[in-house]
Student: 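Quick one: structure below, then a few questions.
As the structure is a computational prediction, the values presented were derived from the model and not from experiment.
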Amino acid sequence: LELALTRTSCKLARLGGKDAPAVQADLQANGFACEQGTRLDCRIEITEGGCLLDWYVVVDEAGVHPGYEKTCTGAQPS
């Protein structure tokens with residue numbers, strides 16, 4: 001799980017300074033689904049080790065905002 005977090009965090013770090021169309025093209029090429037409204041909202045779900053990672057990237061007039069939500073069910077491997 002930590003490896004998935006590290007890999008995706010590194011990939012998202014390269015988006016800084018790009019405009020919304022460039023971010024959308026980059027993320028869609030890497031499996032994200034994007035929706036354009038008043039802001040660009042892109043998401044991908046990754047399941048690993050009983051946990052679901054919902055990665056998201058929001059692009060608005062203030063910049064690029066990556067993050068994730070983690071949901072785990074059942075016993076976790078140690």
Side-chain angles (χ1 to χ4, degrees):
L1 181 60
E2 292 304 315
L3 183 58
L5 290 172
T6 301
R7 286 181 184 162
T8 305
S9 294
C10 289
K11 289 177 185 176
L12 295 179
R14 73 174 183 265
L15 301 175
K18 291 185 177 183
D19 63 6
V23 170
Q24 182 173 1
D26 187 302
L27 291 176
Q28 287 179 325
N30 286 285
F32 280 72
C34 297
E35 293 181 9
Q36 180 70 53
T38 57
R39 65 182 194 179
L40 177 64
D41 186 355
C42 299
R43 294 185 172 270
I44 191 170
E45 292 182 350
I46 300 170
T47 303
E48 186 172 301
C51 294
L52 174 68
L53 295 172
D54 181 16
W55 288 96
Y56 59 87
V57 177
V58 174
V59 182
D60 58 20
E61 58 278 342
V64 178
H65 313 283
Y68 70 92
E69 296 172 3
K70 176 180 164 184
T71 305
C72 298
T73 57
Q76 295 301 305
S78 51

Student: The criterion is side chain to side chain contact (heavy atoms under 4.5 Å, CB included); which residues satisfy it with A33, sequence neighbours excluded?
Tutor: none
Student: What heavy-atom pair brings N30 and I44 nearest, and what distance separates the two atoms?
Tutor: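 Heavy-atom minimum between the residues: O-CD1, 3.8 Å.
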Student: Report the distance from atom NZ of K18 to atom CD of Q24, rounding to the nearest 0.5 Å.
Tutor: 12.5 Å
Student: Listed by chain and number, what are the side-chain hydrogen bond (donor to acceptor under 3.5 Å, both in side chains) partners of R43, not counting sequence neighbours?
Tutor: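 Residues passing side-chain hydrogen bond (donor to acceptor under 3.5 Å, both in side chains) with R43: D54.
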Student: If I compare all heavy atoms of Y68 with all of Y56, which pair ends up nearest, and what's the gap?
Tutor: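 Taking Y68 first and Y56 second, the nearest heavy atoms are N-CE2, 3.4 Å.
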Student: With sequence neighbours excluded, tell me which residues meet side chain to side chain contact (heavy atoms under 4.5 Å, CB included) with A29.
Tutor: none
Student: Have a look at C42 and tell me which of L27, V58, D26 forms a side chain to side chain contact (heavy atoms under 4.5 Å, CB included) with it.
Tutor: L27
Student: Would you mind reporting whether E45 and L52 have side-chain heavy atoms less than 4.5 Å apart?
Tutor: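 Yes; the side chains approach each other to less than 4.5 Å.
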Student: Let me confirm one number: the OG1-CG distance from T71 to L53, rounded to the nearest 0.5 Å.
Tutor: 8.5 Å
